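Treat the numbers as computed from the prediction; the structure is a model and nothing was measured. Order of appearance sets the numbers: ligands from 1, and atoms from 1 within every ligand. Residue numbers run from 1 in the order of the sequence given.
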Amino acid sequence: MSGISIIGTGAYLPEFIATNEMFTKFIDTTDEWITTRTGISERRISQDKPNFVMAAEASKEAVKNAGLTAKDIDAIIVSTCSPDFFYPNTACLIQNLIGANDCPAIDINTACTGFITALDIARNYLAADIYKTILVVAGERLTSQIDYEDRASCILFGDGAGAAVVQKSNGLYYSHMGAKGDMLHDLYCKVEYNRNNPFYIGDGILKDIIDTPQKGRYLQMDGKAVYKFAVDAMADAVEKVCGQSGFDINDLDLVIPHQANLRIIQSALKKMNVDESKVYTNLEKHGNTSSSCIPMCLAELDRAGRLKRGMKICLVGFGAGLTYGACIFEY
Ligand code: UT7
């Protein structure tokens, strides 16, 4: 078995704290509604730093905690669905900011499932001995895609970044991933290209998405559909990955789910029959930071000295696509 060893973690959180109370000033909501329906009390919003700068800060901390310098990184894989540029990609921007060598710098986008996907790709590079040390990063500034008049979505999201430096290990590693592209309408954010292009003729298949009114540039979500999908997909992915490994979910030491909504997490846990004490959440303070949630949890646990070598950890998530995925690895 070829596994992964996380040898350093890092996270960056913007300074500005948006409390639930602040939302009551401009939308029809209450702290009580947000807390009971989502578990979120506050989230951070980046007022000055673009996504790639936040991601570079998290990366620097991860590299430092690994006892390495940026020159030791052989490849950078970044998950983001809220990049600052179409191109260059965020990985190239991070490579430049942290002063890494001319290593491969790759972005991936499976939305909120992204860190699990990036880690899975890194694991396969490591297993094939293509690279020795990989920086896996998730950076998200989703608040730049939010319609702050849409009370059902704007209260959910926050900004932040997380990173991990990974190397090959002899530990166990299993993963299961998938996507349901036919559920694209349930969660999406469209790119606003130049609509005055005289050659643009639209697209019959996705006409309802492509020809959007001006609000269409924001994140669009059918909360109930995503909620239902999330509970089933997370429970199913964990069952599949446990099935591969031969473990019962309660044999594991730690489960870190995507931090979308505490009720989604609790319903999925119930379906998985997992002991709640094994599950780590931080959404109360950070909200949903998309693919950054999981590496930010890892960094918090690491800073608190709660990650021990040999621990069996399960990461599980879902996101726009709709995508889903889970992995089990030995820390
Ligand atoms: O990374 C993935 C990202 N997306 C998600 O994870 C979203 C998953 N979905 C959810 O988390 C939940 O569906 C929401 C938090 C979005 C909504 O919670 P819900 O319990 O499913 O509420 P609901 O949609 O059934 O709405 C219940 C009521 C509605 O009012 P009426 O129609 O019953 O009068 C909503 O208009 O709550 C209303 N509502 C609000 N009320 C106060 C919706 N948002 C708010 C709000 N404050 N912020």
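In this structure, F23 falls outside the shell of residues with a heavy atom less than 4.0 angstrom from ligand 1. In this structure, C112 is part of the shell of residues with a heavy atom less than 4.0 angstrom from ligand 1.
When distances from atom 14 (C) of ligand 1 to the protein are checked, no heavy atom turns up under 4.0 Å. Remark: atom 44 (N) of ligand 1 lies closer than 4.0 Å to at least one protein heavy atom. Atom 11 (O) of ligand 1 is flagged as protein-proximal [any protein heavy atom, distance under 4.0 Å].
For N288, a nitrogen or oxygen atom sits less than 3.5 Å from a nitrogen or oxygen atom of ligand 1, counting backbone and side chain alike.
Between atom 8 (C) of ligand 1 and the options C81, A225, G223, the minimum heavy-atom separation is to G223. Counting heavy atoms only, W33 comes closest to atom 18 (O) of ligand 1 of the residues F229, Y227, W33, F157. Between Q259, K224, H258, it is K224 that holds the heavy atom closest to atom 21 (O) of ligand 1.
A donor atom on one side chain and an acceptor atom on the other are found under 3.5 Å apart for S175 and D120. No side-chain N or O of S46 forms a donor-acceptor pair with one of D159 less than 3.5 Å apart.
Using a 30° and 60° split on the angle between ring planes, F23 and F26 fall in the tilted class, from 30° to 60°.
Under 4.0 Å from ligand 1, the heavy atoms of N261 that appear belong solely to its side chain. Under 4.0 angstrom from ligand 1, the non-hydrogen atoms of D28 all belong to its backbone.
Both tests pass for R309 against the ring of Y331: distance under 6.0 Å to the centre and angle within 45° of the axis.
Considering NE2 of H176 and CD of Q244, their distance stands at 8.0 Å, rounded to 0.5 Å.
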Review point. How far apart are the C-alpha atoms of D251 and K312, what are their side-chain angles, what is the distance that settles it, and do they pass the salt bridge (Lys or Arg N to Asp or Glu O under 4.0 Å) test?
Key: CA-CA 8 Å; D251 295 335; K312 290 190 272 306; over 6 Å; no

